[in-house]
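Hydrogens, waters and symmetry mates are skipped; everything else that's a heavy atom, side chains included, is used. One is the number of the first residue; the rest follow in order along the sequence.
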Amino acid sequence: MGFVVLHMEKAHGSDSGTTAHIERFIIPKNADPTRTHLNRKLVAYPDGIKDRSAAIRRRLEEAGLTRKIGNNQVRAIRINVSGTHEDMERIEREGRLDEWCADNMKYFADTFGKENIVAAHLHRDEETPHIHVTLVPIVKGERKRRKREEQAKKRYRKKPTDTVRLCADDIITRLRLKSYQDTYAEAMAKYGLQRGIDGSKARHKSTQQYYNETKKLADSLKAEVVDLQRQKETAQEELRRTKKEIQTEKLKGAATTAAANIAESVGSLFGSNKVKTPERENAALHREVATHGEAIEALQTRIQTMQNDHHRERMELEAKNLSELSRKEAAHTEETTRLKNRILWQNHIIGCLSFLLLKTSDIFRKAVHGIIRLARDYYKPRFDTEQVSDIKSVLNLFGDDKQSHRAAGDFLYITATQKGKLDNREQIKARREVDNVVEGRYDQQQKRGFSMRR
């Protein structure tokens with residue numbers, strides 16, 4: 001039996017990077033673009049919701065929270081479920097993948113509440129089929145620190161115990177994580193999957209770690225190719241040196257044979273046995289030459305093998321690099337086209353919204369005209385108090401957090417640029433002073449006693 005995979009972690013900030021990965025706005029390196037069409041959403045978004053991040057915001061708005069959400073508060077929990085690679089392939093071959101997905105969604109709906117599961121995506125374009133589940137940690141019940149507050153000298157206002165709260169720490173505790181592993185394994189037992197070893201040292205490997213290890217492996221292969229090339233050059237140099245030695249030995253052998261022939265002729269004339277000594281030396285030299293010849297053949301065989309291995313590895317690396325380059329170029333072209341279309345569409349939407357607000361909102365129209373007047377006034381370096389007040393009023397219409405203010409400031413700047421047809425110098429001035437209002441620098445100058453009427 002294989003093992004289940006259940007990984008949970010807190011998402012911080014807007015988590016837009018994870019949304020781009022899950023929704024496949026950007027195709028990751030370990031995904032096969034030819035199989036991306038097999039991916040599908042397991043949770044349908046409400047009307048007007050386009051992606052996972054928007055679904056998280058909608059759930060937080062409709063949850064009935066009484067406390068303001070902090071900037072560093074966890075808004076969602078990322079859950080990744082799968083199984084051992086061989087078992088997931090078996091489930092896919094048996095045609096039970098849809099059933100497996102349905103059982104997963106039932107488990108998470110029963111465990112955390114169906115309304116809190118705002119997104120779920122099945123990915124089949126990576127090596128092993130898996131599901132990305134997004135959980136908004138809306139809980140009820142008494143807060144953990146309630147007992148500590150009761151013991152403290154300072155008295156806190158009592159709050160109802162059934163108040164709806166946003167609290168990831170109530171869901172992700174050590175005991176509850178172990179319980180999730182146990183109950184999830186029970187739900188997946190029908191597919192031949194079992195719980196992992198309790199207390200195992202195995203750890204989840206992030207996508208970035210996988211990419212880093214792949215890069216290290218490629219660098220190691222390149223180093224091995226360089227080493228093989230160096231060994232090849234050394235073997236070739238040894239072969240050249242051995243050939244020179246053999247040629248020298250052959251010359252010596254030829255000279256010895258000639259001397260032996262002369263000595264044999266002389267010995268036959270004088271009947272001497274001393275000529276046998278050069279014959280023995282000549283035979284020894286022939287044996288040595290034969291030994292060198294065998295060494296040359298072995299070296300030539302080794303060099304040929306190294307050349308074949310080197311050529312094969314080089315061709316494999318080149319084919320892999322070409323394939324990766326082609327895939328990245330195609331993905332880049334597709335992403336560039338998509339982004340251009342999105343920018344054109346956003347510019348159209350911005351133009352429509354600007355026209356609508358200029359026609360219907362006096363405060364928005366007043367703020368835009370104030371920006372245009374400041375940009376065109378060469379001698380006026382900054383907004384006056386009334387203009388700052390108008391811009392702040394527009395910012396507060398969009399929301400009360402810094403991110404909403406920045407978005408509203410960008411919208412004001414773009415509208416003023418389009419309506420006023422500002423040149424480069426005027427655009428730079430308008431951009432700078434609108435950012436100063438958004439970032440609160442005008443408020444800091446007022447606190448230090450600087451006048452803004454200059």
[atom1] of [X] to [atom2] of [Y]: how many Å apart, nearest 0.5 Å?
X    : Y    : atom1 : atom2 : answer
R96  : K190 : CZ    : NZ    : 6.5 Å
D110 : I117 : CG    : CD1   : 10.5 Å
I414 : Q427 : CD1   : CD    : 10.5 Å
I372 : T415 : CD1   : OG1   : 9.0 Å
L122 : L38  : CG    : CG    : 9.0 Å
Q300 : Q236 : CD    : CD    : 11.0 Å

Does the distance from a Lys or Arg side-chain N to an Asp or Glu carboxylate O, for [X] and [Y], drop under 4.0 Å?
X    : Y    : answer
E237 : K232 : no
D98  : R40  : yes
R176 : D170 : no
D443 : K392 : yes
R382 : E433 : no
D435 : R441 : no
E126 : R24  : yes

Please determine which of N104, V5, T111, I79 meets the side-chain contact (heavy atoms from CB on, under 4.5 Å) test together with Y184.
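Passing option: N104.
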Could you go through H311 and Q307, starting from their C-alpha distance and side-chain angles, then the distance that decides it, and tell me whether this counts as side-chain hydrogen bond (donor to acceptor under 3.5 Å, both in side chains)?
CA-CA 6 Å; H311 179 72; Q307 287 177 336; over 6 Å; no
Hey, which of N39, N30, T34 is the one that makes side-chain hydrogen bond (donor to acceptor under 3.5 Å, both in side chains) with D125?
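Going through N39, N30, T34 one by one, the side-chain hydrogen bond (donor to acceptor under 3.5 Å, both in side chains) with D125 is satisfied by N39 alone.
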Among K10, R75, R78, the one residue meeting side-chain hydrogen bond (donor to acceptor under 3.5 Å, both in side chains) with D15
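The option that passes is R78.
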So do the side chains of [X] and [Y] get within less than 4.5 Å of each other, counting heavy atoms only?
X    : Y    : result
V368 : V394 : no
R59  : I56  : no
F364 : L397 : no
F3   : Q194 : yes

Exceeds 12 heavy-atom contacts within 6.0 angstrom, atom [atom1] of [X]:
X    : atom1 : answer
L175 : CG    : no
R174 : CZ    : no
K114 : NZ    : no
K402 : NZ    : yes
N71  : CG    : no
H332 : NE2   : no
E334 : CD    : no
R431 : CZ    : yes

Testing E92, E86, E94 one by one against R90 for a salt bridge (Lys or Arg N to Asp or Glu O under 4.0 Å), which residue passes?
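Running salt bridge (Lys or Arg N to Asp or Glu O under 4.0 Å) over E92, E86, E94 with R90 returns exactly one hit, E94.
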Please identify each residue that fulfils side-chain hydrogen bond (donor to acceptor under 3.5 Å, both in side chains) with [X], with sequence neighbours left out.
X    : answer
R406 : E439
Q304 : N308
T19  : R52, S53
D423 : none

So, Y442 and T385: side-chain donor and acceptor under 3.5 Å apart, yes or no?
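Not at all, the side chains of Y442 and T385 share no donor-acceptor pair under 3.5 Å.
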Looking only at non-hydrogen atoms, find the nearest pair between V74 and P137 and report the distance.
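Looking at all heavy atoms of both residues, the shortest contact is O-CG, 4.1 Å.
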Between E335 and K328, is a salt bridge (Lys or Arg N to Asp or Glu O under 4.0 Å) present by the stated rule, with each step listed?
CA-CA 10 Å; E335 182 66 14; K328 288 184 177 180; over 6 Å; no
is_close_aromatic(Y180, F112), centroid dist under 6.0 Å
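Centroid distance Y180-F112: below 6.0 Å, so yes.
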Is the centre of the H132 ring less than 6.0 Å from the centre of the H121 ring?
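No, they do not, as the ring centres are separated by 6.0 Å or more.
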Indicate the ring-plane relationship of H130 and H123, choosing parallel, tilted or perpendicular according to the 30° and 60° boundaries.
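Plane angle over 60°, so perpendicular.
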For E62, which residues count as a salt bridge (Lys or Arg N to Asp or Glu O under 4.0 Å) partner, sequence neighbours excluded?
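Only R58 meet the salt bridge (Lys or Arg N to Asp or Glu O under 4.0 Å) criterion with E62.
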Residues in salt bridge (Lys or Arg N to Asp or Glu O under 4.0 Å) contact with R93, at least two apart in sequence or another chain:
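So R93 forms no salt bridge (Lys or Arg N to Asp or Glu O under 4.0 Å) with any residue.
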Between K106 and D103, does the salt bridge (Lys or Arg N to Asp or Glu O under 4.0 Å) criterion hold? Intermediate values first, please.
CA-CA 5 Å; K106 182 179 184 303; D103 286 341; over 6 Å; no
Please step through side chain to side chain contact (heavy atoms under 4.5 Å, CB included) for the pair I371 and F383, ending with a clear verdict.
CA-CA 8 Å; I371 295 172; F383 293 119; 3.9 Å; yes
Please walk me through it: do E324 and R327 pass salt bridge (Lys or Arg N to Asp or Glu O under 4.0 Å)?
CA-CA 5 Å; E324 183 68 15; R327 187 184 64 79; 2.6 Å; yes
Might you work through the side-chain hydrogen bond (donor to acceptor under 3.5 Å, both in side chains) test for D401 and S404, ending with a clear yes or no?
CA-CA 6 Å; D401 59 288; S404 298; 2.8 Å; yes
Stepwise salt bridge (Lys or Arg N to Asp or Glu O under 4.0 Å) test for R373 and D384
CA-CA 11 Å; R373 286 197 300 273; D384 56 34; over 6 Å; no
Dump the intermediate steps for side chain to side chain contact (heavy atoms under 4.5 Å, CB included) on R165 and K140, then the final yes or no.
CA-CA 6 Å; R165 296 181 293 112; K140 291 183 180 180; over 6 Å; no
Is it possible for you to check whether R342 lies under 6.0 Å from the centre of the six-membered ring of F25, through NZ or CZ, and within 45° of that ring's axis?
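Yes, R342 lies over the aromatic ring of F25.
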List the steps, then state whether side chain to side chain contact (heavy atoms under 4.5 Å, CB included) holds for I22 with T18.
CA-CA 6 Å; I22 292 176; T18 303; 3.6 Å; yes
